[in-house]
> 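Take a look at this one; I'll ask things after.
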2 protein chains.
Amino acid sequence: MRREVTLRDVAELAGVSSRTVSNVVNGYANVTDRTKERVQRAVEQLGYRPNVLARNLAQGRSGQIALVVPYLDTPYFAELLQSVIRAARISGYNVLIDQTDGDPEHERGFIAHGSRRLLFDGVIFSPLGLDQQALADRDPALPLVILGERTSDGTFDHVGIDDVAASRQATEHLLDLGRQRVAAIGDQPYATGEAAQLRTRGFREAHTARGLPVHEDLIIGTPRFNRPDGARAMARLLDREDPPDAVFCYSDLVALGAIHTIVARGLRVPEDVAVIGYDDIEDGAYSNPSVTTISPDKEWIATTAVERLLLRITSSTPPPGLELRAPHRLIVRESTTGRARRG
Amino acid sequence: MRREVTLRDVAELAGVSSRTVSNVVNGYANVTDRTKERVQRAVEQLGYRPNVLARNLAQGRSGQIALVVPYLDTPYFAELLQSVIRAARISGYNVLIDQTDGDPEHERGFIAHGSRRLLFDGVIFSPLGLDQQALADRDPALPLVILGERTSDGTFDHVGIDDVAASRQATEHLLDLGRQRVAAIGDQPYATGEAAQLRTRGFREAHTARGLPVHEDLIIGTPRFNRPDGARAMARLLDREDPPDAVFCYSDLVALGAIHTIVARGLRVPEDVAVIGYDDIEDGAYSNPSVTTISPDKEWIATTAVERLLLRITSSTPPPGLELRAPHRLIVRESTTGRARRG
DNA sequence: CTACGCTTTTGCAGCGCTGCAAAACACAGC
DNA sequence: GCTGTGTTTTGCAGCGCTGCAAAAGCGTAG
């Protein structure tokens, strides 16, 4: 590979110093139109392209942010990723992506002190295997924005929807339909299951607010929020003597898995069992039946996360850690109100 | 932010030259156990971490590969991305991700001469808006692996399945079921629609091989391979006087959209219309009905693409451009053979 | 003509690491 | 003790860019 064109080559051809070329290329400082033009001509003539690596080293920054999520084949994250990339690009940042499979060690590696020093300037992180404590032990100098349910300790921003309120709203929707035995699929009663626990809380609140009993035995845990887990959990519920007549699923994937089981057993959705999901992924809108869901504003989440992260990266004094609540709304589809409802 | 620990700091503490520290850290050359140990102690004591940026600049490589795809919320790409990341990490590479939305300008930017020089060492690229010509005009020095249907011109590798054979197989499956009027959704009769055209070819071949007529008017084009387009195309087909009794969809998403429309009109899948998809995304396995599909070996595609790309990156003389055919198989599910078939 | 303030341009050092080739060392053989 | 060979360590230059501060240029005022 032959040597690439450098700033100095351009400088020589244009008859100016390399520093001036740099100024032109980056639009820094004042440059006379005459010089600017001369430089630009030389740049074109030689086909000069800045060496990003060298620039990064000199500036001590990488121009990259990392998005770290547990699973990429989860449509929710895929959709989010898309918006994050778009938002980052607007500000000239590239997105480095990684998937942790929820492995705590792997997750720690990303936020631990200097583990990947300078590969990225900041991280948008959706932790799964790390509890609050592990988060606190991180490299304090790394700009960080957390997605999902982890309360901010003041040193990072947290972006998410109000899980309790949203879950309550979802459950209330089922109760409004007159359902008597409402189940919940997705509880995770352990340290790393904060998000799930908040949803369970909302589920309970909806019942107690109406003076209804919570069917504790209808709350089913799942290790992950995917289709197979949803399908399995639903099978357990249907195997009972007194199966539920409605299910609040902690993700749309879980809901799709659950519906799959219900239909496979010859039961109808929503007539026999009404199902509501969470996340509003595209699949849910096109499935049969389409899935009623809680829709978080993903675009808002992505742009806000990027915005806050870049602010953190560029600030000399770290901004306070904010708790940012994204808007959400209930989208009613066939899985709770049946075909009739379709527009 | 205080100054970070550098190689020189470690060298000073350990009483050796910075070059020796470098040798120890990277496992280069011979180093006596005694020195090695002393250096390692110093590294730990100071909490030294190599500066990736500086290393990259000195080595003239970035340790990153880019994966450029048209859409990230397409499950097929999301699933692929996952495997690519895994394969790259094994070799110590990070994955930079970008989505082009199929925009030709944007796509060109990634492979044009030096546009992002050194940000990545090579690209795995799934072009959508670029035709063969535009591909040929790329920076010849950039290691490149193309996914999907673009014939290699010998300067890059191409990884994909045999679209014609797979499509023929899919169509034959429908004909085997005794269907008389088989439609196809997804044709793209223009320069950038090569993949679609190959599928249409397979569709035709299946008919002619059996001496059956191809219903040309049942071949419907779609700009994209997503649910809405599938739903719309299916609506057009059902609006006809003589609707089809089977449909070959050029992606699972298209199939899901089509099924959605069929069911919404009160028709049954597969009794009234049998549907087959392409890609084998997880959604298809859990939908109602589950979708019969052509399943490309994504893991094979991802690992092969990464492998070839890294080979290209590390070779001093560019290896020949290969045409690599990934295995694929037909997975029969409910959308063609009905519930009975389920295990 | 000199001084002054402003704009434009420059030179240099250095970001932190690695490639290269030379230097230092260690040890065996004569 | 000296030479030769192989191993270990070192010094230096340089990757290509930017930060900094000084230098040069330029126009106006005194």
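By convention in this document, chain letters (A, B, ...) are assigned in the order of the sequence lines, proteins followed by strands, and residues within each chain are numbered from 1.
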> What's B:T20 touching, base or sugar-phosphate or nothing? Going by heavy atoms closer than 4.0 Å.
base

> Measure the distance from CZ on B:R34 to P on D:dT7 and round it to the nearest whole Å.
20 Å

> For B:R55 and C:dC15, give me the distance from atom CZ to atom C1', rounded to whole Å.
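After rounding, the gap between these two atoms is 15 Å.
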
> To the nearest Å, how far apart are A:R61 CZ and C:dG16 P?
16 Å

> Starting the side chain at C-beta, find the nucleotide from C:dG16, D:dC17, D:dT8 nearest to A:Y48.
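The answer is D:dC17.
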
> Contact class for B:N56 vs. all strands (heavy atom < 4.0 Å): base, sugar-phosphate, or nothing?
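Nothing: the residue B:N56, judged by heavy atoms under 4.0 Å, touches no strand.
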
> Would B:R41 and B:E44 pass as an ion pair if we require N to O under 4.0 Å?
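Answer for the salt bridge query: no.
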
> Taking only side-chain nitrogens and oxygens of B:S18, does any of them come within less than 4.0 Å of OP1 or OP2 of C:dG16?
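False: B:S18 side-chain N/O out of range (4.0 Å or more) of C:dG16 OP1/OP2.
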
> Among the candidates D:dT18, C:dG19, C:dC17, find the nucleotide nearest to the side-chain atoms of B:Q59.
C:dG19

> Please report the C-alpha distance between B:L67 and B:F77 in whole Å, then the side-chain angles of each, then the deciding distance to 0.1 Å, and finally whether the side chain to side chain contact (heavy atoms under 4.5 Å, CB included) criterion is met.
CA-CA 10 Å; B:L67 177 68; B:F77 288 121; over 6 Å; no

> Using whole Å, what does the distance between atom C1' of nucleotide C:dG16 and atom CG of A:L119 come to?
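Atom CG in A:L119 sits about 15 Å away from atom C1' in C:dG16.
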
> Between B:L57 and B:R19, who's closer to the 5' end of DNA chain D by nearest nucleotide?
B:R19

> So if I take every side-chain heavy atom of B:L7 and compare against C:dT18, D:dT9, D:dC17, which nucleotide ends up nearest?
C:dT18

> Please answer whether the main-chain N or O of A:T20 pairs with a side-chain N or O of A:S17 as donor and acceptor at a distance below 3.5 Å.
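Yes.
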
> Which part of the nucleic acid, if any, lies within contact of B:T35, taking any heavy atom under 4.0 Å across all strands shown: a base, the sugar-phosphate backbone alone, or nothing?
sugar-phosphate

> Just the rounded figure in Å: distance from C1' of C:dG16 to CD of B:E12.
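Distance, rounded to whole Å: 15 Å.
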
> Rounded to the nearest angstrom, tell me the gap between atom CG in A:N23 and atom P in D:dA21.
16 Å

> Measure across A:Y71 and A:D101 and return the closest heavy-atom pair with its distance rounded to 0.1 Å.
OH-O, 3.5 Å

> Using whole Å, report how far CG of B:N26 lies from C1' of C:dG19.
12 Å

> Write down the distance between CZ (B:R8) and C1' (D:dA13), rounded to a whole number of angstrom.
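It is 12 Å, rounded to the nearest whole Å.
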
> Which is more 5' along DNA chain D, the nucleotide nearest B:S17 or the one nearest A:A54? Just name the residue.
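Going by which nucleotide is closer to the 5' end, it is B:S17.
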
> Hey, does the Lys NZ or Arg CZ of B:R138 hover above the aromatic six-ring of B:F125, less than 6.0 Å from the centre and inside 45° of the axis?
no

